[in-house]
Amino acid sequence: MTHGSDYMFEDISKVLLITDMDGTFLPASKIPTPKTLAAVKRFEEAGGRFSIATGRAIQAARQYFDMVNVNCPIIMSNGGMVYDIHTKEQIYNVFLPSFAADIVKEILADNPYVGCEVLTVNEVYVPSMTPMEKRHNEICKLIPVQCAVDEIPDKNWYKVLFAGVDFVRSSIEYYEILPQNISKGTALEELRKACGMEDFTFVAAGDYNNDIELLQAADVAYCPSNAAEEVKKVADKVFEQSCEEDFIAAVIDEIFEKLKK
C-alpha cells in the first residue's frame with residue numbers, strides 16, 4: 001500500500017483510528033471536548049474502530065474509558081503493552097530487564113531531586129516523590145505506591161519515567177527508560193497481527209517524538225498543528241487544528257470525506 005493513499009478507505013468497518021492521548025486527543029485541560037467525543041461516537045456508530053496509544057499506565061488512562069468508548073485493544077506504556085480493556089487481557093507484553101532496577105537506583109543516587117515512577121500492570125510505584133512528580137500524578141489522577149526501588153514487589157516493569165531530569169522523551173519535562181527496540185509502532189504491528197486486522201486501514205494520530213514510530217507503522221499518519229517538527233515531517237497531513245481545537249474531530253471528518261470518494 002502507498003502510505004496515505006485514498007483507495008484504502010473503502011469500508012469504514014475496516015478502518016481503525018488510533019490516537020495518542022496527551023497533546024493529540026486531549027487538550028491541556030486533560031478533558032476531551034464534547035465535539036471530539038461526539039465525533040468518536042459518530043465514527044463508531046458508523047462501524048469504525050477507535051483505540052488509543054499512550055505512554056500512560058492503565059491506571060492513568062482508565063479515567064477516560066467512561067467518557068469515550070474504546071472498541072479495540074489499546075497500546076500502553078509507549079508500546080510495552082497491548083491491552084484489551086474489556087476482557088482485561090494483556091495481549092502483548094515487553095518488560096524491562098531486571099538490571100533496570102540498578103540503573104534507576106544509580107540515577108536517583110546521583111540526582112536526588114529528580115522524580116521517578118515505575119509502571120507495572122497493576123500499580124504505579126514512586127521511589128522518588130518530587131513536586132514535579134506529584135504534579136504529574138495529580139494530572140493523571142494516580143494514587144501511586146511510594147516505596148524504595150528494592151521494595152517494589154512486581155519485577156515486571158513496563159517503563160520508568162523520570163520527571164525533571166535534563167533517556168525516550170515523551171514530553172518536554174519527562175524522560176523514560178523503555179525496553180530496547182519497542183515503541184508504539186512495534187506495538188501497533190503486534191495489535192494488527194493479534195487482532196487479525198491485517199486488512200484494516202490503520203489511521204494514526206500523534207504529536208510528540210514518542211509517536212513517530214506509531215505514525216510510521218500506520219497506513220495513514222496525521223498530526224495536529226501543535227505537533228513537534230520531527231512529527232510533522234513524518235505525517236501525511238498536518239492539520240490546521242491543534243489539540244485545543246478538536247483535532248481528532250477534524251481527523252474523523254477527513255476519514256468520512258475519504259470514504260465518500
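Side chains included, hydrogens not; waters and symmetry mates left out as well; all remaining heavy atoms used. If you read the sequence from its start, that first residue is 1, and numbering goes on from there.
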Q: Counting C-beta onward and ignoring hydrogens, is there a side-chain heavy-atom pair between Met129 and Pro144 closer than 4.5 Å?
A: yes

Q: Which heavy atom of Cys116 sits nearest a heavy atom of Val160, and at what distance?
A: SG-CG1, 3.7 Å

Q: Identify which one of Val118, Leu161, Ile103 satisfies the side-chain contact (heavy atoms from CB on, under 4.5 Å) criterion when paired with Ile177.
A: Ile103

Q: Is there a salt bridge (Lys or Arg N to Asp or Glu O under 4.0 Å) between Lys232 and Glu229 once you walk through the steps?
A: CA-CA 5 Å; Lys232 291 179 179 179; Glu229 289 303 315; 3.5 Å; yes

Q: Are Leu119 and Phe99 connected into the same hydrophobic cluster when the rule is that any two of I, L, V, M, F, W, Y join if their side-chain heavy atoms are below 4.5 Å apart?
A: no

Q: Quick one: which residue pairs count as a ring pair (Phe, Tyr, Trp, His ring centres under 6.0 Å) with a foot in residues 233-261, not counting sequence neighbours?
A: Tyr222-Phe239, Phe239-Phe247

Q: Heavy atoms, side chains only, cut-off 4.5 Å: are Asn69 and Lys41 in contact?
A: no

Q: Do Arg62 and Arg56 have side chains that get closer than 4.5 Å, going by heavy atoms?
A: no

Q: Begin from the C-alpha positions of Leu191 and Tyr92 and carry the test side-chain contact (heavy atoms from CB on, under 4.5 Å) through to its verdict.
A: CA-CA 8 Å; Leu191 188 158; Tyr92 166 75; over 6 Å; no

Q: In Å, rounded to the nearest 0.5 Å, how long is the span from CD of Gln63 to SG of Cys140?
A: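 So the CD of Gln63 and the SG of Cys140 are separated by 7.5 Å.
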
Q: If you look only at pairs with a residue in residues 101-129, which of them pass as a salt bridge (charged side-chain N to carboxylate O under 4.0 Å, His left out), with sequence neighbours excluded?
A: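 Listed by first then second residue: Asp102-Lys105, Lys105-Asp150.
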
Q: Does any non-hydrogen side-chain atom of Ser225 lie less than 4.5 Å from one of Glu240?
A: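 When only atoms from C-beta onward are counted, Ser225 and Glu240 do not touch, as no gap falls below 4.5 Å.
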
Q: On a heavy-atom basis, which atom in Leu215 and which in Ala204 lie closest, and how many Å separate them?
A: CD2-O, 3.6 Å

Q: Side chains of Asn93 and Tyr158: closer than 4.5 Å at any heavy-atom pair?
A: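 With C-beta onward as the side chain, the pair touches.
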
Q: The criterion is side-chain hydrogen bond (donor to acceptor under 3.5 Å, both in side chains); which residues satisfy it with Lys237, sequence neighbours excluded?
A: Glu254

Q: For atom CD of Glu138, decide whether the heavy atoms of other residues, nucleotides or ligands shown that lie under 6.0 angstrom number more than 12.
A: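 Atom CD in Glu138 is crowded, with more than 12 foreign heavy atoms closer than 6.0 Å.
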
Q: If you compare all heavy atoms of Cys195 against all heavy atoms of Pro73, which two are closest, and at what distance to 0.1 Å?
A: SG-CG, 3.6 Å

Q: Who are the side-chain contact (heavy atoms from CB on, under 4.5 Å) partners of Asn156, not counting sequence neighbours?
A: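 Scan of Asn156 (side-chain contact (heavy atoms from CB on, under 4.5 Å), adjacent residues dropped) gives Phe95, Asp154.
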
Q: Compare every heavy atom of Arg42 with every heavy atom of Ile252, then report the nearest pair and how far apart it is.
A: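 Where Ile252 meets Arg42 most closely, the heavy atoms are CG2-NH2, 4.2 Å.
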
Q: State plainly whether one hydrophobic cluster holds both Met67 and Ile74, where clusters connect Ile, Leu, Val, Met, Phe, Trp and Tyr through side-chain heavy atoms under 4.5 angstrom apart.
A: yes

Q: For residues 80-88, tabulate all N or O donor-acceptor pairs below 3.5 Å that involve a side-chain atom, not counting sequence neighbours.
A:
residue : atom : partner : partner atom : Å
Asp84   : OD1  : His86   : N            : 2.9
Asp84   : OD1  : Thr87   : N            : 3.2
His86   : NE2  : Val70   : O            : 2.8
Thr87   : OG1  : Glu89   : N            : 3.4

Q: The criterion is side-chain contact (heavy atoms from CB on, under 4.5 Å); which residues satisfy it with Cys243, sequence neighbours excluded?
A: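 side-chain contact (heavy atoms from CB on, under 4.5 Å) check on Cys243 returns Asn226.
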
Q: To the nearest 0.5 Å, what is the distance between CD (Glu44) and CG (Leu17)?
A: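 If we round to the nearest 0.5 Å, Glu44:CD and Leu17:CG are 9.5 Å apart.
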
Q: Is Leu142 linked to Met21 within one hydrophobic cluster, defined over Ile, Leu, Val, Met, Phe, Trp and Tyr using a side-chain heavy-atom separation of less than 4.5 Å?
A: no

Q: So, do Cys72 and Met197 sit near enough that their side-chain heavy atoms are less than 4.5 Å apart?
A: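 Side chain of Cys72 against side chain of Met197, heavy atoms only: contact under 4.5 Å found.
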
Q: Determine which pairs satisfy side-chain hydrogen bond (donor to acceptor under 3.5 Å, both in side chains) with at least one residue from residues 23-36, sequence neighbours left out, and list them in order.
A: Asp20-Thr24, Asp22-Lys30, Thr24-Asp207, Thr33-Thr36, Thr33-Asp246, Thr36-Asp246

Q: My understanding is that only residues two or more places apart in sequence, or in another chain, count here; which of them pass side-chain hydrogen bond (donor to acceptor under 3.5 Å, both in side chains) with Ser13?
A: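 Ser13 satisfies side-chain hydrogen bond (donor to acceptor under 3.5 Å, both in side chains) with Asp11 once adjacent residues are dropped.
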
Q: Tell me which pairs pass ring pair (Phe, Tyr, Trp, His ring centres under 6.0 Å) where either residue lies in residues 42-82, with sequence neighbours left out.
A: Phe25-Phe50

Q: Applying side-chain contact (heavy atoms from CB on, under 4.5 Å) to Lys184 and Gln216, what does each step give before you reach the verdict?
A: CA-CA 10 Å; Lys184 292 182 182 180; Gln216 291 172 329; over 6 Å; no

Q: In sequence, state the C-alpha distance, the side-chain angles, and the governing distance for Asn78 and Lys159, and then conclude on side-chain contact (heavy atoms from CB on, under 4.5 Å).
A: CA-CA 8 Å; Asn78 275 330; Lys159 78 172 188 179; 3.9 Å; yes

Q: To the nearest 0.5 Å, how far apart are CD1 in Ile18 and CD1 in Ile52?
A: 8.5 Å

Q: With distance as the sole test, does Gln59 use its side chain to make a donor-acceptor pair with the main-chain N or O of Asn122 at under 3.5 Å?
A: yes

Q: Please check if any side-chain donor atom of Glu133 sits under 3.5 Å from a side-chain acceptor atom of Thr130, or the reverse.
A: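 There is no such pair between these side chains.
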
Q: When you compare the side chain of Val145 with that of Val124, does any pair of heavy atoms fall below 4.5 Å?
A: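 No - every pair of side-chain heavy atoms lies 4.5 Å or more apart.
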
Q: Would you mind listing every salt bridge (charged side-chain N to carboxylate O under 4.0 Å, His left out) that reaches into residues 70-82, with sequence neighbours excluded?
A: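 Sorted result for residues 70-82: empty, none.
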
Q: Please identify each residue that fulfils side-chain contact (heavy atoms from CB on, under 4.5 Å) with Ala194, with sequence neighbours left out.
A: Ile91

Q: Among residues at least two apart in sequence or on other chains, which ones pass side-chain contact (heavy atoms from CB on, under 4.5 Å) with Glu151?
A: Cys147, Ala148

Q: So do Val68 and Pro32 actually touch side chain to side chain, heavy atoms under 4.5 Å?
A: no

Q: Looking at Phe200, I'd like to know if the NZ or CZ of Arg192 sits under 6.0 Å from its six-membered ring centre while staying within 45 degrees of the ring's axis.
A: no

Q: Treat each ILVMFWY residue as a node, draw an edge where side-chain heavy atoms are under 4.5 Å apart, and state whether Val251 and Leu26 are in one component.
A: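 Linked, Val251 and Leu26 end up in one cluster.
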
Q: To the closest 0.5 Å, what do you measure between CD1 (Ile255) and CD1 (Ile12)?
A: 7.5 Å

Q: Specify the closest pair of heavy atoms between Gly23 and Pro224, including all atoms of both residues, with the distance to one decimal.
A: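 Scanning both residues, the minimum pair turns out to be O-CG, 3.8 Å.
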
Q: Tell me, with the steps shown, if Thr201 and Glu10 meet side-chain contact (heavy atoms from CB on, under 4.5 Å).
A: CA-CA 9 Å; Thr201 297; Glu10 298 174 353; over 6 Å; no

Q: Using 4.0 Å as the upper bound for N to carboxylate O, is an ion pair formed by Lys258 and Asp253?
A: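 Lys258 and Asp253: not salt-bridged.
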
Q: Are Val126 and Trp157 connected into the same hydrophobic cluster when the rule is that any two of I, L, V, M, F, W, Y join if their side-chain heavy atoms are below 4.5 Å apart?
A: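 As far as the 4.5 Å side-chain criterion goes, Val126 and Trp157 are not connected within one cluster.
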
Q: Distance-only, no hydrogens or angles: does the Arg49 side chain make a donor-acceptor pair with backbone N or O of Asn71 under 3.5 Å?
A: yes

Q: Where is the tightest heavy-atom contact between Glu230 and Ile212, given as atom of each residue plus distance?
A: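 Nearest pair, atom of Glu230 first, then Ile212: CB-CD1, 3.9 Å.
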
Q: Are Lys193 and Glu190 close enough for a salt bridge, meaning some N to O gap below 4.0 Å?
A: yes

Q: Any side-chain to backbone donor/acceptor pair from Asn111 onto Leu108? Under 3.5 Å, distance only.
A: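 Such a contact is absent between Asn111 side chain and Leu108 backbone.
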
